[in-house]
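Worksheet: one structure, shown below.
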Amino acid sequence: MRRVLVVITLVVALFPIAVTAGSAAVVHGRPAVVRHLGNGAAASTNWSGYAAFASGTTFTDVKGSWLVPAVTCPSRKAQYSSFWVGIDGYNSSSVEQTGTDSDCAGKNRASYYAWYEMYPAASVQISLAVHPGDTMSAEVSRSGNTYTLVITNVTTGGSFTTTKTQSGLADSSAEWVAEAPSLCRASCQIQPLADFGTVNFSGSFATGNGHTGSISDGAWTNDSITMVTNGGTVKAQPSALGSNGSAFSVVWQHS
């Protein structure tokens, strides 16, 4: 028993935790494992959605809303899906983010919850009620070395805010993402993506170098990110941006 406890303690020390599976840690927000395809497109093994970035631009705010998707859980195996907005992670090693999960703990056992994470620090689950179909609104903002993370359940009126101090972060991108979280033991492995159907993002805006605009604003470049397996099978596909450049959907296609 003491040996098992030592192993668990070591894993906790080495990897961020949102929820645990045995002696492993489920990480919501690892930086994107991405391949740039050009022409505003990218492929990633763990992200799908949009990222905004520009050389010399420092992002100080990102916000967006999404409808919590209901997951289908036909398998006894655990499956996961995270939906969030954040700063960093697309071309840097940290991520400052807050979002929700729609997970499968087993056959017909869906789980919904909210969290925030200052990766690589540990993910923190939030005591905020989350239900399928709820409208969530989230914002991450930076002032100096202080980051304020806010997530609100617009449907229920519940809200959570926290502030964290961190220096030396890149602040080089803003993101709106559906993610396949990772399970970390000795190394991190991307987990099966829960069948969330479709998630709809809206009100997606960022502030960079004092300028506020939508994802498609001309002040920065935006990439649409398609989630794929290592073999190239599409797991989740983002739509084109809506006419105002702030709304899109991501459709699940493969676990």
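Residue numbers count from 1 along this sequence.
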Between Phe160 and Thr162, does the side chain to side chain contact (heavy atoms under 4.5 Å, CB included) criterion hold? Intermediate values first, please. CA-CA 7 Å; Phe160 175 87; Thr162 188; 3.7 Å; yes
Apply side chain to side chain contact (heavy atoms under 4.5 Å, CB included) to Leu169 and Glu96, showing your working. CA-CA 9 Å; Leu169 302 183; Glu96 305 84 59; 3.4 Å; yes
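- Taking 4.5 Å as the limit, every side-chain heavy atom of Ser159 sits out of range of all side-chain heavy atoms of Asn153.
- Under the 4.5 Å side-chain criterion, counting only non-hydrogen atoms from C-beta, Lys164 is not in contact with Thr146.
- The ring of Trp176 has its center no closer than 6.0 angstrom to the ring center of Trp47.
- Cluster membership for Tyr119 and Trp84, using ILVMFWY side-chain heavy atoms within less than 4.5 angstrom, is shared.
- A donor-acceptor pair under 3.5 Å is formed between the side chain of Ser48 and the backbone N or O of Ala236.
- Distance OG/Ser214 to CG/Asn244: 6.5 Å, rounded to 0.5 Å.
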Could you go through the side chain to side chain contact (heavy atoms under 4.5 Å, CB included) check for Thr207 and Lys63 one step at a time? CA-CA 9 Å; Thr207 300; Lys63 63 182 67 176; over 6 Å; no
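- Considering every non-hydrogen atom in both Met136 and Val68, the closest pair reads CG-CG2, 3.4 Å.
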Stepwise side chain to side chain contact (heavy atoms under 4.5 Å, CB included) check, Thr156 with Asp134: CA-CA 8 Å; Thr156 66; Asp134 286 353; 4.2 Å; yes
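- For the pair Leu183/Ile190, no side-chain contact is recorded, criterion being any heavy-atom separation below 4.5 Å from C-beta on.
- Val228 and Val177 fall into different hydrophobic clusters, defined by Ile, Leu, Val, Met, Phe, Trp and Tyr side-chain heavy atoms under 4.5 Å apart, directly or through other members.
- Across all non-hydrogen atoms, the minimal contact from Asp88 to Ser172 is OD1-N, 2.9 Å.
- Looking at Asp223, its side chain never comes within 3.5 Å of a backbone N or O of Ile225 through a donor-acceptor pair.
- Using bins of under 30°, 30° to 60° and over 60° for the plane-to-plane angle, the ring pair Phe59/Trp220 lands in the tilted bin.
- Looking at Arg142 and Asp61, no side-chain N of the basic residue comes within less than 4.0 Å of a carboxylate O on the acidic one, giving no salt bridge.
- Just one of Asn46, Thr100, Asp101, Asp103 meets the side chain to side chain donor-acceptor pair (under 3.5 Å) condition when paired with Ser82; it is Asp101.
- We find the CD-OG1 distance between Gln189 and Thr45 to be 10.5 Å, quoted to the nearest 0.5 Å.
- The distance from atom OH of Tyr147 to atom OG of Ser94, rounded to the nearest 0.5 Å, is 6.5 Å.
- Atom OG of Ser224 sits about 8.0 Å away from atom CG of Leu241, to the nearest 0.5 Å.
- Under the 4.5 Å side-chain criterion, counting only non-hydrogen atoms from C-beta, Thr229 is in contact with His254.
- In plain terms, the two heavy atoms of Glu179 and Pro181 that are nearest each other are O-CD, 3.3 Å.
- A heavy-atom distance below 4.5 Å is found between the side chains of Ile126 and Thr98.
- To the nearest 0.5 angstrom, Ser204 atom OG is 9.5 Å from Trp66 atom CH2.
- With contacts defined as side-chain heavy-atom distances shorter than 4.5 Å, the pair Leu128/Ile151 qualifies.
- Closest approach of Ser111 to Tyr113, counting heavy atoms only: OG-CD2, 3.6 Å.
- By the 30° and 60° cut-offs, the orientation of the rings of Phe53 relative to Tyr90 is tilted.
- Listed for the Ser81 side chain is a donor-acceptor partner under 3.5 Å among the backbone atoms of Ser102.
- Using cut-offs of 30° and 60° for the angle between ring planes, the Phe83 and Phe196 rings count as perpendicular.
- Between Gly89 and Val95 the shortest heavy-atom distance is CA-CG2, 3.8 Å.
- Tyr112 meets the ring pair (Phe, Tyr, Trp, His ring centres under 6.0 Å) test with no other residue; sequence neighbours excluded.
- The two atoms that bring Ala178 and Met227 nearest to each other are O-CE, 3.5 Å, heavy atoms only.
- To the nearest 0.5 Å, atoms OG (Ser173) and CG (Asn91) are separated by 4.5 Å.
- Cluster membership check: Val85 shares its hydrophobic cluster with Val130, using side-chain heavy-atom separations under 4.5 Å among Ile, Leu, Val, Met, Phe, Trp and Tyr.
- Using a 4.5 Å cut-off on side-chain heavy atoms (C-beta onward), Phe201 and Ser65 make no contact.
- Two different hydrophobic clusters hold Ile215 and Phe205 under the rule that ILVMFWY side chains link at heavy-atom gaps under 4.5 Å.
- Side-chain contact check for Thr226 versus Pro238: some heavy-atom pair is nearer than 4.5 Å.
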